[in-house]
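Here is how names work: the chains are called A, B, and so on, in the same order as the sequence lines, proteins then strands, and each is numbered from 1.
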Protein chains: 2
Amino acid sequence: MIGLTIGQLGKATDTKVETVRYYERIGLLAAPGRTSANYRAYGADHLSRLSFIRRARDLGFSLDQVRALLDLASDHSRDCGSVDMLANEHMADIDRKLADLTALRRELSALINSCKGGTISQCRIVEALAPRG
Amino acid sequence: MIGLTIGQLGKATDTKVETVRYYERIGLLAAPGRTSANYRAYGADHLSRLSFIRRARDLGFSLDQVRALLDLASDHSRDCGSVDMLANEHMADIDRKLADLTALRRELSALINSCKGGTISQCRIVEALAPRG
DNA sequence: CTTGACCCTGTAGTTGCTACAGGGTGCATA
DNA sequence: TATGCACCCTGTAGCAACTACAGGGTCAAG
């Protein structure tokens, strides 16, 4: 028990206080002990777990994926294949998003290049958006 | 007045019925007339406006951006520079997201490659996520 | 002893829908 | 005529992942 306040924990993990409480509410972070004034008092275990959560979130894992990762990580004797699988699935997600965004970018870029100025009534962007407008 | 039902309008624009009603609720699509049975009856103007909305959404514009585009597009004599600006801002957003995702992909890829199998306790992925875990 | 920064709970807002529940309508068919 | 089915209506609650209050209590410094 090192007795961090919620604000200190937040600062240490770059997490807003409300977010920490939110993680507690949804059962991702265990409820800590309380001081006599009913303040949350966090220990080293909370700090490391929240660090894990934030790092995984930064890498784009959903809260559900983070939960799964935490479950997997807690069993040290388990084969790490399942962790690898989760990471690879997430990688595939990212690749899909990249492809989508790239296609979008191309289309929007073509649209923007088609605009040669003038008034809205001649604007190719507006025209392209509303084919029968 | 061509008298489309909400279902027909939805089919024509590839929009779910609930989504059409949602657009009406938030004031993006004008409330149409009603039949004697209180069914919504849409006209050509609704069809073209909803087409515009859906196309812009497909291109990744937010509803707020769509609203702005619709406002701009309604004034035909206006210079189209403002439309161009909005499109360019959106393009910049896309580029930022692309850069973020690419960085993420690189980081995650490095993480995945570091895993050489074995148990969780030796797993570099878990290790990298929880530096002091 | 007061000011300000922190803490507490609980609830509602954000974005863009989606999914009911609990009803009414319209058309075809037996 | 009844009955079934697909469609329509309103209103509300849910999703992710927070964020932002409102309306209070606590604590340390000056």
Spacing of CG belonging to N88(A) relative to CD1 belonging to I112(B), to within rounding of 0.5 Å: 4.0 Å
Among dT18(C), dC8(C), dA17(D), the one nearest R57(A) by side-chain distance: dA17(D)
Contact under 4.0 Å: R40(A) side-chain N or O vs dC8(C) OP1/OP2: yes
Nearest-Å distance for atom pair CG/C1', residues L9(A) and dC7(C): 14 Å
D14(B) CG to dC17(C) C1', straight-line distance once rounded to whole Å: 14 Å
Q122(B) side chain to T119(B) backbone, donor-acceptor under 3.5 Å: yes
Donor-acceptor under 3.5 Å (R49(B) side chain, L28(B) main chain): yes
Heavy-atom donor-acceptor pair, H90(A) side chain to Q65(A) backbone, under 3.5 Å: no
Rounded distance (Å) that lies between atom C1' of dA16(D) and atom NZ of K97(A): 12 Å
Electrostatic pair K97(B):D100(B) at N-O distance under 4.0 angstrom: no
Pair up each side-chain donor or acceptor in residues 102-109 of chain A with any protein partner under 3.5 Å, not counting sequence neighbours, and list the distances.
unit_1: T102(A); atom_1: OG1; unit_2: L98(A); atom_2: O; d: 2.6
unit_1: R105(A); atom_1: NH1; unit_2: D95(B); atom_2: OD1; d: 2.4
unit_1: R105(A); atom_1: NH1; unit_2: D95(B); atom_2: OD2; d: 2.7
unit_1: E107(A); atom_1: OE2; unit_2: R55(B); atom_2: NH1; d: 3.4
unit_1: E107(A); atom_1: OE2; unit_2: R55(B); atom_2: NH2; d: 2.9

Whole-Å distance separating the CD atom of E18(B) from the P atom of dA21(C): 13 Å
dC18(D) OP1/OP2 closer than 4.0 Å to side-chain N/O of T19(A): no
Within 6.0 Å of CZ in R21(B), more than 12 heavy atoms from elsewhere: yes
Integer-rounded Å distance: dC18(D) C1' and I53(A) CD1: 14 Å
Atom pair distance, as rounded to whole Å: CG in L50(A) and P in dC18(D): 11 Å
Distance, rounded to the nearest Å, where N38(B) contributes CG and dC8(D) contributes C1': 9 Å
Nucleic acid contacts - residues 20-29 of chain B versus DNA chain D, non-hydrogen atoms under 4.0 Å: R21(B)
D45(B) atom CG, neighbour heavy-atom count above 12 within 6.0 Å: yes
Distance-only polar pair, side chains of R54(A) and T15(A), donor-acceptor under 3.5 Å: yes
Pair of N/O donor and acceptor under 3.5 Å linking dG25(D) base with Y39(A) side chain: yes
Closest nucleotide among dG26(C), dC18(D), dC9(D) to the R34(B) side chain: dC9(D)
Residue met sooner reading DNA chain D from 5', once T35(A) and I6(B) are mapped to nucleotides: I6(B)
Sub-4.0 Å heavy-atom contacts from residues 59-69 of chain B onto DNA chain C, ordered by number: S62(B), L63(B)
